[in-house]
Amino acid sequence: RREEPSDAFVATRYASINELPANAKIGTSSLRRQCQIKEKFPHADVLPLRGNDNTRIPKLDAGDYDAIILAAAGLIRLDLTARITEMLPVSYSLPAIGQGAIGIESRTNDDELNALLAQLNDHETAVCVSAERALNARLMGGCQVPIAGYAIIQQGELFLRGLVGAPDGSILYKSEATGDLNNPEQLGQQVAEDLLSQGADKILQALQA
């Protein structure tokens, strides 16, 4: 089953992201996180943050940043949960496509192996990730573009939120829709088409150029 795909706010002097000063230095390596944080905190200085979590946190402690944004799952796996100041809600940081889900790749014609793997498959997770991946495929997204998508099942229906943003947070295109659990790809394409109709293609083309 999919882990809760939360981003984590990590700080040394502030108990909440809303306590940050207007000109706070916030570190993140993700354009997806960057554009959403800049929208909510336009006067903040969002700075690049490279390396693994074990090297990023010392940079925060050294005073290079007022706060950093990291994937909560990575901190949990490294037994660094105590460093998490606040779990950011999806309203602050919509997750990346498939964030929190684990996939296993196999040969399509290996029936014996696929029968074994089928026992590990979580159907609800697969449905949600299928919608998100269809959204990403239609937008021709990759890991270095500011695209977010998060699907959940509620009241027997599939609910998908999608986002494409300019890295500086000046423009964020958002879309959401509800669809049939049996056709998650159609829902993903629907949300993608709505984002494109708003102008998301211009942001994506500019970044690819």
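Values reported hereafter were calculated over all heavy atoms of this structure, with side chains retained and with hydrogens, waters and symmetry mates removed. Index from 1, following the sequence.
- At a threshold of 4.5 Å between non-hydrogen side-chain atoms, the residues Asp7 and Arg32 count as touching.
- In this structure, Tyr92 and Ile69 have side chains that are not in contact, with every pair of non-hydrogen atoms separated by 4.5 Å or more.
- With a 4.5 Å cut-off on side-chain heavy atoms, Arg83 and Ile68 do not count as touching.
- Enclosure of atom CD in Gln154 by more than 12 non-hydrogen atoms of other residues, nucleotides or ligands within 6.0 angstrom is indicated.
- Here Ser130 contributes atom OG and Leu160 contributes atom CG; the two are 11.5 Å apart, rounded to the nearest 0.5 Å.
- For CG of Asp79, the number of neighbouring non-hydrogen atoms (other residues, nucleotides, ligands) closer than 6.0 Å is 12 at most.
- Side chains of Asp64 and Leu49 form no contact here, defined as non-hydrogen atoms less than 4.5 Å apart.
- In this structure, Gln99 and Pro5 approach most closely via the heavy-atom pair O-CB, 3.1 Å.
- Contact detail for Asp110 and Leu113: the closest heavy-atom pair is OD1-N, 3.1 Å.
- Within a 6.0 Å sphere centred on NZ of Lys202, heavy atoms belonging to other residues, nucleotides or ligands number 12 at most.
- Side chain of Ser106 to backbone of Asn114: no donor-acceptor contact under 3.5 angstrom is found.
- No salt bridge links Asp53 with Arg77; every basic N to acidic carboxylate O contact stays at or beyond 4.0 Å.
- Shown here for Glu157 and Leu181, the closest heavy-atom pair between the two residues is C-CD2, 4.0 Å.
- Taking 4.5 Å as the limit, some side-chain heavy atom of Leu117 sits within range of a side-chain heavy atom of Leu120.
- Of all heavy-atom pairs spanning Pro146 and Gly165, the tightest one is CG-O, 2.8 Å.
- The CG atom of Leu163 sits 7.5 Å away from the CG atom of Leu195 when rounded to the nearest 0.5 Å.
- With Asn23 contributing its side chain and Asp45 its backbone, the two residues share no donor-acceptor pair below 3.5 Å.
- In this structure, Arg133 places its CZ atom where only 12 or fewer heavy-atom neighbours from other residues, nucleotides or ligands lie under 6.0 Å away.
- Inter-residue side-chain proximity for Glu185 and Asn183 is flagged as met; some heavy-atom pair is nearer than 4.5 Å.
- Of all heavy-atom pairs between Phe9 and Leu88, the closest is CB-CD2, 3.8 Å.
- The same ILVMFWY cluster, assembled from side-chain heavy atoms under 4.5 Å apart, contains both Val164 and Ile171.
- Residue Tyr150 holds its OH atom at 14.5 Å from CG of Leu135, rounded to the nearest 0.5 Å.
- Between Lys174 and Leu94 there is no side-chain heavy-atom pair separated by less than 4.5 Å.
- Transitive grouping of hydrophobic side chains (ILVMFWY, heavy atoms separated by less than 4.5 Å) brings Tyr173 and Val145 into a common cluster.
- The minimum heavy-atom distance linking Gly100 with Arg2 is given by the pair O-CG, 3.3 Å.
- The distance from atom OG of Ser93 to atom CE of Met87, rounded to the nearest 0.5 Å, is 12.5 Å.
- Considering CG of Leu47 and OG of Ser29, their distance stands at 12.5 Å, rounded to 0.5 Å.
- Although no hydrogens or angles enter the test, the distance criterion places a donor-acceptor pair under 3.5 Å between the side chain of Glu86 and the main chain of Ile17.
- Between Arg13 and Asp66, at least one side-chain N (NZ, or NE/NH1/NH2) sits under 4.0 Å from a carboxylate O, which counts as a salt bridge.
- Note on Ile37: it does not cluster hydrophobically with Val10, by side-chain heavy-atom contacts below 4.5 Å among ILVMFWY residues.
- The CD atom of Gln190 sits 9.0 Å away from atom OG1 of Thr178, with the distance rounded to the nearest 0.5 Å.
- Linking ILVMFWY residues whenever their side-chain heavy atoms come closer than 4.5 Å, directly or via other members, places Leu158 and Ile97 in the same cluster.
- In the hydrophobic clustering of ILVMFWY residues, with side-chain heavy atoms under 4.5 Å counting as a link, Tyr65 and Tyr14 come out apart.
- Proximity of a side-chain donor or acceptor of Lys38 to a complementary backbone N or O of Ala166 within less than 3.5 Å is not detected.
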